[in-house]
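Let me begin by presenting the structure, written as structure tokens, before commenting on it.
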Amino acid sequence: MVQRYRLLANYLEGGLDYTVATNRDYAYFHAIGSDDANEVSDLLKIVPDATWNVGDTFTVQGRTHHRRSSSWRLDSGLSDEIELSQHVQALLQKLERKRLELNCVQEKFLTEIVCVSFCVQSFGWRLNIETQRRATSLGISFSFDFYPIGDVHQEIVNLREQLLANSSDR
């Protein structure tokens with residue numbers, strides 16, 4: 001079992017602020033493309049945890065941007081204190097019941113499981129071959145976002161959207 005807790009000492013204005021930091025792991029499934037994300041809900045008959053569509057606005061540091069892609073997201077439903085492998089297993093269990101519907105989704109959307117980890121120290125994780133086979137048989141790829149402590153995942157997602165916006169403006 002991964003040790004979850006580490007004691008970090010932060011120097012703040014000449015004093016010590018002892019903060020207990022924890023590793024956080026989670027994974028989610030998403031379908032991304034240029035069509036309406038609600039089509040994924042209609043096909044899978046699953047209520048998503050988050051969606052957005054091309055043209056929707058989002059704000060980063062006070063600046064408004066427009067989404068360049070649509071996204072339909074399904075979370076694992078597990079706590080972020082649970083090991084990453086269990087998040088992936090939970091998602092695959094939900095999605096394996098929708099094999100035929102996923103084929104229809106994949107005609108318009110890229111489908112992937114995004115694995116996210118915030119680590120106090122260095123990170124290592126092994127995606128076993130059986131899990132890879134299960135995902136591949138469903139046409140699902142993997143994306144990995146690993147960060148040092150601090151929740152910057154949504155910021156990275158928004159930065160990617162900004163890059164897409166800047167590249168299409170040229």
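Computed over heavy atoms, backbone and side chain alike; hydrogens, waters and symmetry mates excluded. Note that the structure is a prediction, hence the values are computed from the model and not measured.
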Taking the side chain as every heavy atom from C-beta outward, state whether [X] and [Y] have any atom pair closer than 4.5 Å.
X      : Y      : answer
Ser143 : Glu112 : yes
Ser85  : Arg126 : no
Leu138 : Leu92  : yes
Ser76  : Leu91  : yes
Gln89  : Leu84  : no
Lys94  : Ile46  : no
Asn103 : Val105 : no
Phe142 : Val88  : yes

With sequence neighbours left out, write down each residue that passes side-chain contact (heavy atoms from CB on, under 4.5 Å) with Ile129, or none if nothing qualifies.
->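 Ile129 satisfies side-chain contact (heavy atoms from CB on, under 4.5 Å) with Gln132, Arg133 once adjacent residues are dropped.
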
Point to revise | side-chain contact (heavy atoms from CB on, under 4.5 Å) against Thr136, all qualifying residues, sequence neighbours excluded | key: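 Not a single residue meets the side-chain contact (heavy atoms from CB on, under 4.5 Å) criterion with Thr136.
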
Q) Does Phe144 share a hydrophobic cluster with Phe29, counting links as ILVMFWY side-chain heavy atoms below 4.5 Å and allowing steps through other members? A) yes

What donor-acceptor contacts under 3.5 angstrom involve side-chain atoms of residues 53-61, with partners at least two apart or in another chain?
{"residue": "Asn53", "atom": "OD1", "partner": "Ala37", "partner atom": "N", "Å": "2.6"}
{"residue": "Asn53", "atom": "OD1", "partner": "Ser70", "partner atom": "OG", "Å": "3.3"}
{"residue": "Asn53", "atom": "ND2", "partner": "Asp36", "partner atom": "OD1", "Å": "3.4"}
{"residue": "Asp56", "atom": "OD2", "partner": "Asn53", "partner atom": "N", "Å": "2.7"}

_For a quick test of reading the model, state the closest non-hydrogen atom pair linking Asn128 to Thr131 and the distance between them._
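Between these two residues, the closest heavy atoms are OD1-N, 2.7 Å.
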
Could you please spell out the steps behind the side chain to side chain contact (heavy atoms under 4.5 Å, CB included) verdict for Leu43 and Trp72? CA-CA 12 Å; Leu43 289 166; Trp72 185 97; over 6 Å; no

- State whether Lys108 and Glu39 are salt-bridged, where the test is any N-O pair (Lys NZ or Arg NE/NH1/NH2 against Asp/Glu carboxylate O) under 4.0 Å.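 So Lys108 pairs with Glu39 through a salt bridge.
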
Glu96 with Arg134: basic N within carboxylate O range, under 4.0 Å: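 Salt bridge flag = yes for Arg134 with Glu96.
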
Working to the nearest 0.5 angstrom, can you tell me the gap between [X] [atom1] and [Y] [atom2]?
X      : Y      : atom1 : atom2 : answer
Trp125 : Ser117 : CH2   : OG    : 9.5 Å
Arg24  : Ser79  : CZ    : OG    : 9.5 Å
His87  : Asp80  : NE2   : CG    : 6.5 Å
Asn23  : Phe118 : CG    : CZ    : 11.0 Å
Ile140 : Ile113 : CD1   : CD1   : 5.0 Å

Donor + acceptor pair across side chains of Glu161, Ser69 (<3.5 Å)
yes

**Request:** Could you label the plane-to-plane angle of the Tyr28 and His30 rings as parallel, tilted or perpendicular, counting under 30° as parallel and over 60° as perpendicular?
**Result:** perpendicular

With sequence neighbours excluded, tell me which residues meet salt bridge (charged side-chain N to carboxylate O under 4.0 Å, His left out) with [X].
X      : value
Glu101 : none
Asp35  : none
Arg97  : none

Report task. Please test Leu102 against Leu44 for side chain to side chain contact (heavy atoms under 4.5 Å, CB included), starting from the C-alpha separation and ending with a verdict. Result -> CA-CA 7 Å; Leu102 277 170; Leu44 295 180; 4.2 Å; yes

Residues Tyr26, Asp75; criterion side chain to side chain contact (heavy atoms under 4.5 Å, CB included); working and verdict:
CA-CA 8 Å; Tyr26 62 92; Asp75 295 337; 6.0 Å; no

Using side-chain hydrogen bond (donor to acceptor under 3.5 Å, both in side chains), reason through Asn38 and Ser41 one step at a time and then give a plain yes or no. CA-CA 5 Å; Asn38 293 315; Ser41 297; 4.8 Å; no

inquiry  = Using only atom types and a distance under 3.5 Å, with no angle test, would you say the side chain of Gln86 pairs donor to acceptor with the backbone of Leu78?
reply    =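 No, Gln86 side chain to Leu78 backbone: no donor-acceptor pair under 3.5 Å.
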
